[in-house]
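A quick write-up on the structure given underneath.
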Amino acid sequence: MDQIADTARYDPAQAEPRWQQAWERAGCFAVPDVPDGTRPKYYVLEMFPYPSGRIHMGHVRNYTLGDVVARYKRARGFAVMHPMGWDAFGLPAENAARERGIHPATWTWDNIATMRGELKRMGLSLEWSREFATCDPAYYGHQQALFLDFLAAGLVERKEAFVNWDPVDHTVLANEQVIDGRGWRSGAVVERKKLSQWFLSITKYADDLLAALDTLDRWPERVRTMQRNWIGRSEGARVRFALASPIDGHDSVEVFTTRPDTLFGMSFLALSPDHPLTAAIAARDPKAAAFVQECSTLGTTEAALETAEKRGHDTGLTVRHPFNGRTYPVWIANFVLMEYGTGAIFGCPAHDQRDLEFARKYGLSVTPVVLPKGIDAAGFAVADTAFTEDGTLINSDFLDGLEVPAAKRRIIEELERTGQGTGVVQWRLRDWGVSRQRYWGCPIPVIHCDACGIVPVPKDQLPVRLPDDVDLSRPGNPLDHHPTWKHVACPRCGAPARRETDTMDTFVDSSWYFARFTAPHAATPTHRAAADAWLPVDQYIGGIEHAILHLLYSRFFTRAMRDTGHLGLASGEPFAGLFTQGMVKHETYRDAQGRWLYPTEVAKRPDGTAVHVGTGAPVTVGAVEAMSKSKRNTVDPGAIIDRYGADTARWFILSDNPPERDMEWTEAGVAGAYRFTQRVWRLVSAAVPTLPPHGAAVPTTFSGEARALRRTTHRTIAAVTAALETFAFNVAVARLYEFASAIADAKGEGTDLAWARREALEALVRLFAPAMPHLAEECWSLLAPGAGLVAQLSWLDHDPALAAADTVTIAVQVMGRLRGTIEVPAGADEATVLAAAEAEENVARAIAGRPIRKRIHVPGKIVNLVL
RNA sequence: GCGGGCGUGGCGGAACUGGCAGACGCGCCGGAUUUAGGUUCCGGUGACGCAAGUCGUGGGGGUUCAAAUCCCUCCGCCCGCACCA
C-alpha cells in the first residue's frame with residue numbers, strides 16, 4: 001500500500017466537467033413528454049429562479065435539495081422529470097434599464113446565459129432540453145391564450161382597485177417602491193388612487209381551495225394553516241343600520257360582523273375611509289375630507305393600515321339600532337378595511353380589543369353583553385382588556401341568558417325575520433388583481449373599442465408581443481406612451497381601437513410553468529397527454545416566503561386550466577408534495593467607518609478578531625443575517641466551486657442543518673466538507689488494490705470483524721434510505737461520516753474482511769452519490785471499472801438479517817435517574833433483563849437494599865426501578 | 001396589528017410513539033507524522049466537583065415512574081400580509 005499512499009489528490013476541477021459530459025452523453029436525465037409506462041413517473045421541481053444576475057447560495061441550496069431527490073428517485077426506479085427554466089419578467093429588469101440604459105430583454109437574456117452556466121457547473125441532473133424563459137413570446141403567447149380562455153369562462157373581471165400613486169412621477173408604485181409613505185425616486189407622499197383593473201376570479205374557488213388543503217398530506221402543516229387563514233372563511237352576519245337622516249341618497253349602512261351576538265353592546269359604527277358613504281360625507285364636510293385625505297397616505301399594505309395608530313373622525317351622523325331603537329354615532333376609522341366585509345363595522349368595545357382602544361380614545365360608551373362563566377354580573381366590568389371568549393349574554397333583551405353560539409343563531413334568525421340582516425359566510429380571500437402598469441410583463445391580450453367595448457385579441461393573432469423600442473426614461477406606463485403600439489383596428493368592427501396597455505402580474509407567469517414543462521414545445525399551452533401523465537408535481541421545493549401567494553395562485557390556476565380543458569387534473573392540485581427550505585445566512589462585517597465588507601475582504605485571526613485583507617484595519621463582526629447584496633454578506637457560488645468543486649458545496653449545504661431551517665454559510669464548514677471529499681478519495685484509492693474484484697463471490701464465512709463491518713454497512717443503507725425519504729439530509733450525511741470512519745477503522749486482514757470492505761466502500765459511494773455525484777462516479781470508476789455510471793445504478797437494499805444486532809444496551813434508571821447500562825441478548829425476557837439491571841453494580845448501590853415498589857421495563861430501551 | 005414558525009454545549013445540530021440529552025460536523029485542547037502546512041492520523045471536549053455525584057434543552061409553572069418531546073404562561077428572534085420575486 002505504500003506506493004498508493006502518495007496517490008494524487010482528488011481534483012474536482014478536472015473530474016466534475018468530465019462526469020457532467022458523461023451523463024450528458026449517456027442521456028441519463030431525459031424522459032419523454034408522454035411516459036411509456038415502463039416505470040412509474042416522479043416529477044421533481046424546484047421553484048425556478050428569477051434571472052437577477054448571478055446565482056446565489058439560496059439557489060445552490062434549493063437546487064441541491066431537488067437534485068438529491070431527483071437522483072435518489074431515479075435510482076429507486078422512477079422515470080424522473082426534473083426541468084429548469086426562468087421566471088424572467090419583473091421589475092428589476094426595468095430598474096436596470098433605467099439605471100444603466102440596458103434594454104430589459106438584453107439584461108434578462110444576458111443574466112440567463114450567465115446563470116445557466118453557473119447551474120450547469122453544479123452537476124444538477126436537469127433535463128435542459130425543457131428549458132424556457134417566461135419573457136419569451138413562445139411562452140407568454142400561450143399564457144395570453146389561457147387568459148382569453150379564462151375570460152370566456154367568466155373567470156376574468158374588470159373592477160376598481162387601489163394602487164400606490166406617485167403624484168410627481170405620475171407612476172403606479174409597487175409596495176416595495178413606497179418607503180415610509182413616499183415614492184422611492186420622487187420622494188413625494190404617495191396617494192391611494194383607484195384604477196380600473198383586471199382581476200382573476202380566485203374567489204369562485206374559495207370553497208374548494210380551502211377544503212382541498214385537507215388532502216395535501218405531503219405539505220407542511222404550517223403552510224396549510226397559513227393558506228387556511230389567508231382564505232379566511234368566517235361565518236357571521238350582515239346587518240343593515242338605518243341612518244337617522246339620509247345623506248346623498250344613502251339611507252342605510254350595511255356592516256359585516258362575526259359577532260352578531262354582541263349587537264346590544266354596540267357603541268358606534270365605523271366606516272372605512274374608502275367607503276362610498278364616507279365619500280358622500282367628505283363631499284360636504286371639509287374636516288371629514290381632510291381626515292380621509294390623511295388616511296389615503298397610509299399606502300395600500302395591510303400591515304401599514306393595521307399598525308398605524310387607531311384614529312377616527314366623528315361624522316356627526318347617527319344610525320338606528322335594529323332592535324333597541326337607540327341611535328349611535330357614525331365614525332370614519334382608519335383601521336376599517338374596505339376590502340374586507342362591507343367596509344363598515346359596528347363597534348362593540350366590551351368584546352373587541354381594537355374597538356375598546358378606539359372607544360377609550362374617543363370617550364365612547366362600553367357596555368358588556370357577554371358575561372364570563374362563573375362571574376357575577378354585578379362584579380363584571382371591562383377595563384382595558386376586552387372579553388373575547390364565550391360566556392352568557394346579558395344586557396341584550398331577547399338574547400339574555402343564551403350562550404354565545406346560541407345567541408349568534410338566535411339573532412341571525414331575528415335579523416332575517418325582520419328583514420334587517422342575514423347570516424352570511426364571508427371570505428378574507430380577495431380576487432386576484434393582475435393588472436400592472438409596467439413594460440416588462442406579459443401583455444394582456446384585449447382591445448378596447450369605443451363601439452364594441454372590450455374585445456379579446458383573436459387567438460390566431462397571439463402572441464401579442466411587447467414592442468422592443470420603448471422609452472423607459474419617462475415615468476409612467478411605457479406601453480401607454482409608445483407612439484404606435486397600442487393603436488390597432490378593432491378585431492370585431494375594424495374601427496380604430498386601443499390595445500390594453502397593462503401587463504400581467506408576474507405571479508401569473510409562475511402559476512402554470514410547471515404544466516408547460518411537461519411539453520415545453522407544444523403548439524398549445526399544454527399537451528394534454530403529457531400534462532395529465534406528469535402532473536401533479538410529486539415534489540416541489542422552494543422558499544417558505546412563497547407559502548401563500550405563489551402556491552395559492554398556482555392552485556387556482558390548475559383548477560381554472562382544468563375547467564377550461566387545458567388539464568385533466570381531477571384534484572386541481574398542482575403540487576402533491578411540498579418542501580419549504582430555510583434561508584442561507586452569513587456573518588456581516590463592517591469597517592471602522594461602518595461600511596459593509598464582503599467576506600472575501602475579511603480575514604479572521606486566531607484570536608477571533610477580524611481584519612481587512614488589504615489594509616489590516618480592524619473589522620467589526622456583526623450578526624448572522626440572510627445573505628443580501630446591501631449588507632454584502634454574500635458568498636459567490638462560482639468562487640466556491642472554483643476552489644472546492646461543486647460536490648463540496650453540495651455536501652456542506654446538506655450537512656449543516658435540517659433543510660427546512662435557516663443555515664449559516666461558514667468558511668470552516670465548507671473546508672470540513674472538502675476534507676471529507678479528500679478523505680473518501682484516499683479511503684477508496686488506498687483500498688482498491690487490496691480488494692477482491694467487483695462482483696466476486698460472497699465468502700462462505702465471515703470473521704467477527706467482517707460481520708461487524710457488514711452490520712454497519714447494512715444499518716447505514718437502512719438509515720440513509722430512511723433519512724433521504726424524510727428530507728433528513730443532514731442525518732444522512734452524519735450517518736455517512738460515521739460509516740466512512742467505521743470502514744477506516746476495520747483494519748484487519750483476511751479475504752472475508754476484504755470482501756466486506758469492498759461491500760462497504762461500494763455502498764458508501766452509492767449512498768453519497770445523490771449528494772456528491774461527481775466524486776461518486778470517480779470512486780466508482782476505480783472500484784468497478786467498466787461497470788457503468790453510478791447515475792444509472794439502482795438503489796441499494798439493506799439485508800435486515802445482516803443489520804440485526806446480537807445484543808442490546810439497556811439504560812437502567814433508579815427513580816428516573818440514570819445509574820448504569822446493561823448489555824443483554826437481543827430479545828431477552830423481562831425477568832432476565834430486570835435481574836441483570838438490579839445486579840448492576842452502580843444500580844445496586846443506588847438501591848442500597850431498599851425495597852423496589854415498581855419495575856418499569858420498556859423492551860430494548862430502558863428499565864426504571866421505583867423505590 | 002393579524003397569521004405562521006423557531007429557541008438544545010463555544011457554533012450548526014441529533015434524539016423513533018414521552019424512554020441513556022448532546023449522535024455527526026465545525027471549533028478548541030493534547031499527542032504523533034511531516035522540510036513545510038488552511039496536510040494527515042490518534043485521543044479529549046455540556047457546566048460544577050478530587051470523587052461520589054449534582055445541575056443542564058430560552059424563563060417560570062404543571063402532568064408523569066420517566067419530559068427537549070405533552071399542557072399553561074412569559075420572553076426573544078424570524079417569515080408572510082395581496083404591485084419584490
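Fair warning: this is a prediction, and the values are worked out from it, not measured in the lab. To find a chain, count down the sequence lines: A is the first, B the second, and so on, and within it residues start at 1. Keep in mind that the numbers below use all heavy atoms, side chains included, and drop hydrogens, waters and symmetry copies.
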*Would you indicate which nucleotide in B:rC41, B:rG80, B:rA85 comes nearest to any side-chain atom of A:Ile548?*
B:rG80
*Is there a donor and acceptor pair closer than 3.5 Å between the side chain of A:Glu176 and the base of B:rC83?*
no
*Quick one: label A:His546 by what it contacts on the DNA or RNA (base, sugar-phosphate, nothing), any heavy atom closer than 4.0 Å.*
base
_Taking A:Glu738 first and then A:Arg735, would you say they form a salt bridge - that is, a charged N and a carboxylate O separated by under 4.0 Å?_
yes
*For B:rG60, does the O4'-C1'-N9-C4 (purine) or O4'-C1'-N1-C2 (pyrimidine) torsion place it in syn, i.e. within 90° of 0, or in anti?*
anti
*asked:* Less than 4.0 angstrom from a charged side-chain N to a carboxylate O is my criterion; do A:Arg819 and A:Glu841 meet it?
replied: no
*asked:* I'd like the C1' distance from B:rG22 over to B:rC55, given in whole Å.
replied: 15 Å
*Calculate, to the nearest 0.5 Å, the distance between atoms OH and CG belonging to A:Tyr553 and A:Leu209 respectively.*
11.5 Å
*Picking from B:rA85, B:rA82, B:rC20, which would you name as closest to the side chain of A:Asn175?*
B:rA82
*Using the C1' atom as the reference point in each nucleotide, state the distance between B:rG9 and B:rG56 in Å, no decimals.*
10 Å
*Compare side-chain N and O positions of A:Arg192 against OP1 and OP2 of B:rC83 and report whether any pair is under 4.0 Å apart.*
no
*Identify, between A:Val163 and A:Val223, the residue whose nearest nucleotide on RNA chain B lies closer to the 5' end.*
A:Val223
*asked:* In this structure, how many angstroms lie between the C1' atom of B:rG80 and the CD1 atom of A:Ile231, rounded?
replied: 15 Å
*Please state the C1' separation for the pair B:rG7 and B:rA68 - nearest whole angstrom.*
11 Å
Tabulated below should be each protein N or O lying under 3.5 Å from an N or O of nucleotides 22-24 of chain B; please produce it.
from   : atom 1 : to       : atom 2 : distance (Å)
B:rA23 : O2'    : A:Glu738 : OE2    : 2.7
B:rA23 : N3     : A:Arg735 : NH2    : 3.4

*Any side-chain donor-acceptor pair under 3.5 Å between A:Thr580 and A:Tyr540?*
no
_With a 4.0 Å limit, can you tell me whether A:Arg661 has a side-chain N or O closer than that to the phosphate oxygens OP1/OP2 of B:rG7?_
yes
*Using the test side chain to side chain donor-acceptor pair (under 3.5 Å), find all partners of A:Asn164 that sit at least two apart in sequence or belong to another chain.*
A:Asn175, A:Thr300
_Under the criterion side-chain hydrogen bond (donor to acceptor under 3.5 Å, both in side chains), I'd like the reasoning laid out for A:Asp647 against A:Thr677: C-alpha separation, chi angles, the key distance, then a yes or no._
CA-CA 8 Å; A:Asp647 282 341; A:Thr677 64; over 6 Å; no
*Taking the C1' atom of each, how far is B:rG60 from B:rG27, in whole Å?*
33 Å
*asked:* Between B:rC70 and B:rC84, how many Å separate the two C1' atoms, rounded to a whole number?
replied: 41 Å
*For A:Phe507, answer base if it contacts any base atom (sugar-phosphate contacts may also be present), sugar-phosphate if it contacts only those atoms, and nothing otherwise; contact means non-hydrogen atoms under 4.0 Å.*
base
*Can we say A:Lys193 and A:Glu160 salt-bridge, meaning some charged N sits less than 4.0 Å from an Asp/Glu carboxylate O?*
no
*Decide, yes or no, whether a salt bridge links A:Glu221 with A:Arg224 under the criterion of side-chain N to carboxylate O below 4.0 Å.*
yes
_Below 4.0 Å: OP1/OP2 of B:rC26 and any side-chain N or O of A:Thr666_ = no
*To the nearest Å, give me how far apart CZ (A:Arg354) and P (B:rG1) are.*
12 Å
*Looking at A:Arg222, does any N or O in its side chain come under 4.0 Å of the phosphate oxygens OP1/OP2 on B:rG3?*
no
_Taking side chain to side chain donor-acceptor pair (under 3.5 Å) as the definition, give me every residue that meets it alongside A:His857, ordered by chain and number, with sequence neighbours left out._
A:Glu830
_Involving RNA chain B, stems made of at least three consecutive Watson-Crick or G-U pairs, both distances under 3.5 Å_ = B:1-7 with B:75-81, B:10-12 with B:24-26, B:27-32 with B:40-45, B:46-48 with B:53-55, B:58-62 with B:70-74
*Would you please name every residue forming a side-chain contact (heavy atoms from CB on, under 4.5 Å) with A:Asp745, sequence neighbours left out?*
A:Lys747
*Please identify each residue that fulfils side-chain contact (heavy atoms from CB on, under 4.5 Å) with A:Thr501, with sequence neighbours left out.*
A:Asn477, A:Leu479, A:Asp480, A:Trp485, A:Lys486
*Would you kindly give the CE-to-C1' distance between A:Met504 and B:rA85, to the nearest whole Å?*
18 Å
*asked:* Strictly below 4.0 Å: does A:Arg430 bring a side-chain N or O up to OP1 or OP2 of B:rA82?
replied: no
*asked:* Distance check, P atoms only: B:rA21 and B:rU57, in whole angstrom units.
replied: 12 Å
Write down the protein N/O and nucleotide N/O pairs, taken from nucleotides 43-51 of chain B, whose separation is under 3.5 Å; answer none if there are no such pairs.
none

*asked:* Taking donor-acceptor contacts at under 3.5 Å, does the side chain of A:Arg438 reach the base of B:rC83?
replied: yes
*Whole-angstrom distance between B:rG37 and B:rG10, as gauged at atom C1'*: 26 Å
*Identify which nucleotide among B:rG13, B:rC81, B:rG4 has an atom closest to any side-chain atom of A:Trp230, counting heavy atoms from C-beta outward.*
B:rC81
*Do we get A:Lys310 above A:Phe358's six-membered ring, with its NZ or CZ under 6.0 Å from the centre and within 45° of the axis?*
no
_Taking only side-chain N and O atoms of A:Asn657, does any of them lie within less than 4.0 angstrom of OP1 or OP2 on B:rC11?_
no
Under 3.5 Å, which protein N or O atoms sit close to an N or O of nucleotides 65-68 of chain B? Give each pair with its distance.
from   : atom 1 : to       : atom 2 : distance (Å)
B:rC65 : O2'    : A:Asn864 : ND2    : 3.2
B:rC65 : O2     : A:Asn864 : ND2    : 2.6

*Any side-chain N or O of A:Arg817 less than 4.0 Å from the OP1 or OP2 oxygen of B:rG56?*
no
*asked:* Is it the case that B:rG38 (base atoms only) and A:Arg675 (side chain only) share a donor and an acceptor within less than 3.5 Å, ignoring hydrogens and angles?
replied: no
*Contacts of type side-chain contact (heavy atoms from CB on, under 4.5 Å), residue A:Asn229, not counting sequence neighbours*: A:Thr225
*Value in whole Å for how far the P atom of B:rA85 lies from NE2 of A:His59*: 14 Å
*With sequence neighbours excluded, tell me which residues meet side chain to side chain donor-acceptor pair (under 3.5 Å) with A:Ser435.*
A:Asp502
*A:Tyr674 OH to B:rU39 C1': how many Å, rounded?*
11 Å
Give each protein N/O atom lying under 3.5 Å from an N/O atom of nucleotides 70-79 of chain B, with the pair distance.
none

_Once side chain to side chain donor-acceptor pair (under 3.5 Å) is applied, do any residues pair with A:Glu725, and if so which ones, sequence neighbours excluded?_
A:Tyr72
*For residues A:Arg98 and A:Gly476, report the shortest heavy-atom separation together with the two atoms involved.*
NH2-O, 4.3 Å
*Could you state the CD-P distance from A:Glu94 to B:rC83, rounded to the nearest angstrom?*
16 Å
*Is the backbone N or O of A:Trp230 less than 3.5 Å from a side-chain atom of A:Arg428, with the two atoms forming a donor-acceptor pair by type?*
yes
_Nearest-angstrom distance from the residue atom CZ of A:Arg228 to P of B:rC2_ = 21 Å
*Does A:Arg428 place a side-chain N or O at less than 4.0 Å from the phosphate oxygens OP1/OP2 of B:rA82?*
no
*Is it true that a side-chain atom of A:Ser272 and a backbone atom of A:Val336 form a donor plus acceptor pair closer than 3.5 Å?*
yes
